[in-house]
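Here the structure is laid out as structure tokens; the discussion comes afterwards.
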There are 4 protein chains.
Amino acid sequence: MEYNDKQTAIIDIAERLFSVSGFDGTSVRDIANEAGVNVAMISYYFGSKEKLMEAVFEHKSNKMRLKVENLIQDTEMTPIQKIYLLIDEYVEKFLDQKNFHMIMMREQLTDKRTPVSELILELKRRNLESVRMLIHDGQKKGVFKKNIDISMMMGTLIGTVSQMVLSQPFYRKVHGMEELGEQEFRSHIRKKLSIHLKKLFKALLTNEA
Amino acid sequence: MEYNDKQTAIIDIAERLFSVSGFDGTSVRDIANEAGVNVAMISYYFGSKEKLMEAVFEHKSNKMRLKVENLIQDTEMTPIQKIYLLIDEYVEKFLDQKNFHMIMMREQLTDKRTPVSELILELKRRNLESVRMLIHDGQKKGVFKKNIDISMMMGTLIGTVSQMVLSQPFYRKVHGMEELGEQEFRSHIRKKLSIHLKKLFKALLTNEA
Amino acid sequence: MEYNDKQTAIIDIAERLFSVSGFDGTSVRDIANEAGVNVAMISYYFGSKEKLMEAVFEHKSNKMRLKVENLIQDTEMTPIQKIYLLIDEYVEKFLDQKNFHMIMMREQLTDKRTPVSELILELKRRNLESVRMLIHDGQKKGVFKKNIDISMMMGTLIGTVSQMVLSQPFYRKVHGMEELGEQEFRSHIRKKLSIHLKKLFKALLTNEA
Amino acid sequence: MEYNDKQTAIIDIAERLFSVSGFDGTSVRDIANEAGVNVAMISYYFGSKEKLMEAVFEHKSNKMRLKVENLIQDTEMTPIQKIYLLIDEYVEKFLDQKNFHMIMMREQLTDKRTPVSELILELKRRNLESVRMLIHDGQKKGVFKKNIDISMMMGTLIGTVSQMVLSQPFYRKVHGMEELGEQEFRSHIRKKLSIHLKKLFKALLTNEA
DNA sequence: CATGAATGAGGATTCATTCAT
DNA sequence: GATGAATGAATCCTCATTCAT
């Protein structure tokens with residue numbers, strides 16, 4: 001799909017509003033007003049509010065797709081280095097695409113089977129597959145443990161990052177960072193998450209102390 | 001607050017509907033219909049839909065409050081045993097109070113400052129404090145490491161459990177458990193989570209292999 | 001179905017508006033305004049505009065059902081007298097229930113299969129059956145011809161009346177009756193139709209000159 | 001008015017859509033889509049949707065004009081033969097121009113005085129005049145009765161044909177002709193109508209048995 | 001000459017809430 | 001104390017039409 005500037009602007013705004021107010025909590029008027037376009041434009045461009053949501057998803061989801069395909073073939077890096085890269089990739093992506101990530105979380109909270117929820121499942125399936133190959137590679141090379149619960153491990157990876165995104169206001173309050181700029185805070189969290197998760201994964205995957 | 005049977009029924013149903021359809025996605029008519037009461041009852045009993053949400057929260061939140069206060073004074077158990085108990089408590093609570101947990105997640109996704117979101121912050125603050133005391137106790141006794149990022153650790157605890165709740169359909173699909181009953185599945189996840197998280201926390205907190 | 005006064009008022013107004021402006025040409029606002037009720041009442045009372053149409057039909061259609069059942073058993077009247085009574089019944093009904101009749105015509109003009117169109121078919125089927133019995137009775141008694149095309153005959157009966165209802169403005173113009181009151185005009189047409197149709201049916205059914 | 005090919009195509013499609021869905025039930029987009037032209041074309045070519053309707057009418061109405069002018073002067077045919085020809089002409093035209101005929105009926109159902117309804121009145125007036133001359137000719141020659149209600153007679157002619165067009169689905173159902181092709185069915189109805197109407201008119205107009 | 005983009009007006013319906021009973 | 005009836009506001013979407021290109 002090719003979108004023109006106005007359409008892209010609508011998608012951007014919709015992403016933000018959907019992420020903070022939810023699909024039902026966001027009216028097409030809200031979106032149209034913020035985008036400075038007529039309400040009818042949403043239907044005109046995307047067909048319906050629902051379809052707009054799909055467009056948001058389709059347009060943003062590729063930014064959430066991990067770039068790990070070539071990581072697998074790489075022979076220079078050790079398996080654990082690859083995992084570390086993967087972690088940083090996840091952390092980066094989730095913090096960067098916070099709005100989209102929130103939409104995904106919200107969508108998973110409903111039990112409705114929508115086209116979007118199908119896309120989420122597919123996205124997760126693909127990401128899981130990439131990780132699985134990385135792990136198996138490490139196991140074949142004998143540097144990773146044999147019995148690894150990959151689903152749980154992924155739950156911890158995604159869950160921990162999600163949780164930090166979700167509890168951002170709480171974290172700021174507890175750590176007295178209420179006045180910190182968004183960029184600085186994100187940078188802070190990124191480092192903390194990276195260190196924390198690498199520690200966890202090292203313990204999970206390897207036998208080293 | 002004292003609620004009569006009808007009010008409690010409304011709260012129960014509201015919890016469930018809010019959890020799966022969201023606040024905006026649930027109409028007071030839906031709630032009233034399922035509860036078998038008149039639509040006007042919601043406004044009459046609770047003042048407004050918003051207030052009903054607060055009532056749901058207030059009425060259910062104590063079930064999510066950890067029972068760890070006396071754990072701290074306990075002298076029979078080792079710190080790591082206490083942590084293990086804490087983990088099981090969390091896992092148990094989140095899986096048991098899945099609906100309420102989903103409401104909490106959803107509420108944290110919005111940036112609106114509502115009375116409910118304030119209650120969530122308070123709930124999290126209190127739970128964090130309990131854990132912090134447990135950790136400090138273990139550190140004082142020399143069995144836990146010194147530098148522990150409790151926020152990240154809690155992020156992993158809550159995040160991992162949340163993630164498993166959230167991605168339940170995905171997990172079932174990947175593991176061929178689509179036909180498994182809710183109880184059996186919950187039991188399965190509970191065990192997996194317990195083992196996984198204990199392993200993680202042991203690695204995070206102690207120096208043992 | 002039991003309707004209260006306000007509902008009946010809405011149905012009456014809807015019947016009139018649907019008959020002159022058509023279903024699509026009548027907005028629920030038009031109806032609500034004329035009935036002096038809130039727009040939401042239409043949905044509240046009838047569920048939807050479509051359902052209102054069905055209510056109109058269901059509520060009015062029995063007035064269009066011919067009362068000929070007992071006519072068949074009557075032994076005092078001759079078959080041709082019965083037919084004459086039938087004709088008058090038809091003419092009366094169609095002129096009296098002009099609005100409803102117009103709705104029926106309009107509905108038959110569309111090729112959509114709606115619940116209403118099904119009801120129309122059923123109504124026509126039932127009326128046809130009554131007439132068929134009358135005719136067969138006359139044939140059995142030897143006063144009616146053997147080969148009678150009942151479908152065509154009914155087409156002429158209903159069609160002629162319909163046409164006169166339809167071309168009322170034209171008729172008035174041609175006959176210089178533009179200023180005649182509705183009641184007077186209806187009375188005039190009724191007589192003309194009665195005479196005309198009886199003449200036709202006598203020719204169609206009997207061998208007399 | 002001269003119309004180019006694209007305009008004619010639009011008119012053809014508009015005629016069909018108006019006939020089955022009505023004026024209000026047909027959107028200019030429907031027409032434009034089926035015609036494979038831009039939506040703006042309708043306004044551009046015809047000024048408005050309303051004007052398009054007028055164009056449809058003006059462009060098609062001459063096909064509904066009876067060709068009886070020269071029939072009157074003909075000296076070879078008897079008056080009743082001329083009437084028979086007239087009947088066949090009517091039946092033919094109405095069945096052939098079914099769509100246009102339906103539009104006319106629909107238009108007569110509304111009480112709005114539009115340019116189109118004026119055209120209809122004019123068309124009917126002209127047709128009536130032709131028939132009146134035929135009848136008078138027969139009366140002058142002494143083969144037709146004196147007192148003939150021409151308006152009613154025309155009501156029967158047009159009404160019967162209209163009714164058969166209108167109740168086509170009903171007729172098919174009753175006579176088990178649901179699977180019959182449109183052409184075959186039309187041919188069947190044409191013959192039936194022709195026979196039926198000629199019988200009626202003979203009785204109405206002449207003194208013969 | 002033709003059209004894609006855009007829009008204001010209006011469509012039906014659902015919403016949470018109120019109020020008289 | 002409880003509720004059925006009612007409603008104004010807001011929902012999304014479709015409409016016929018216009019206008020710059």
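In what follows, chains are A, B, ... by sequence order, proteins preceding strands, each numbered from 1. Only a predicted model underlies this, so the values are computations on that prediction, with no experimental measurement involved. As a basis for the values below, the full set of heavy atoms in this structure was taken, side chains included, without hydrogen atoms, waters or symmetry mates.
Counting distance only, with no hydrogens placed and no angle test, the side-chain atoms of D:R29 and the base atoms of F:dA16 include a donor-acceptor pair under 3.5 Å.
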(message) Checking D:E15 against D:F57 for the side-chain contact (heavy atoms from CB on, under 4.5 Å) test, could you report, in this order, the C-alpha distance in whole Å, the side-chain angles of both residues, the deciding distance, and whether it holds?
(response) CA-CA 8 Å; D:E15 184 203 24; D:F57 205 90; over 6 Å; no
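Between B:H59 and B:Y3, the two ring planes are perpendicular [angle over 60°; tilted spans 30° to 60°].
Remark: C:S27 is in phosphate contact with E:dG11, judged by side-chain N or O atoms under 4.0 Å from OP1 or OP2. Checking the phosphate oxygens (OP1, OP2) of F:dG1, a side-chain nitrogen or oxygen of B:Y44 falls inside 4.0 Å. At E:dA2, one or more side-chain N or O atoms of D:Y45 fall inside 4.0 Å of OP1 or OP2 (strictly under the cut-off). The side chain of C:K6 places an N or O atom within less than 4.0 Å of a non-bridging phosphate oxygen (OP1 or OP2) of F:dA6.
Two residues, B:K49 and A:M41, neighbour DNA chain E, and the one matched to the more 5' nucleotide by heavy-atom proximity is A:M41. Between C:I42 and A:A40, the residue anchored closer to the 5' end of DNA chain E is A:A40, taking for each the nucleotide with the nearest heavy atom.
Whole-Å rounding puts the D:D30 CG to F:dC15 P distance at 7 Å. Whole-Å rounding puts the B:L17 CG to E:dC15 P distance at 13 Å. Atom C1' of nucleotide E:dA5 and atom CG of A:N4 are separated by 10 Å, given to the nearest angstrom. E:dA16 atom P lies 11 Å from atom CG of B:N33, rounded to whole Å. Look at CE on D:M53: it is 13 Å from P on F:dT17, rounded to the nearest Å. Rounded to whole angstrom, the span from the CD1 atom of C:I10 across to the C1' atom of E:dA12 amounts to 15 Å. Across the protein-nucleic acid pair, A:E50 atom CD and F:dC13 atom P stand 8 Å apart, rounded to whole Å. The separation between C:E2 atom CD and F:dA5 atom C1' is 18 Å, rounded to whole Å.
Taking the ring centre of A:F23 as origin, the terminal cationic atom of A:K49 falls inside the region bounded by 6.0 Å and 45° from the ring axis.
Among the protein residues, B:F46 comes within range of no part of the nucleic acid, since none of its heavy atoms lies under 4.0 Å from any strand. Residue B:S43 is classed as a base contact, given a heavy-atom separation below 4.0 Å to a base. Residue B:K51 is out of contact with every strand shown, counting any heavy-atom pair closer than 4.0 Å.
Evaluated for a side-chain contact (heavy atoms from CB on, under 4.5 Å) with C:I120, the options C:M105, C:E107, C:M64 yield exactly one hit, C:E107.
Put simply, the side chain of B:M53 reaches to within 4.5 Å of the side chain of B:I103, judged on heavy atoms.
A donor-acceptor distance shorter than 3.5 angstrom exists from the side chain of B:T26 to the backbone of B:L17, with no hydrogens or angles considered.
With sequence neighbours excluded, the residues forming a salt bridge (Lys or Arg N to Asp or Glu O under 4.0 Å) with D:D12 are D:K60, listed by chain and number.
Here F:dG4 is the nucleotide among F:dC13, F:dG4, F:dT17 with the atom lying nearest to any side-chain atom of B:N38.
A:T8 and A:D5 share no side-chain donor-acceptor pair at under 3.5 Å.
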(request) Any chance you could encode DNA chain E as dot-bracket? Rule is Watson-Crick or G-U wobble with both distances under 3.5 Å; [ ] for pairs crossing earlier ones, | for another strand. (result) .||||||||||||||||||||
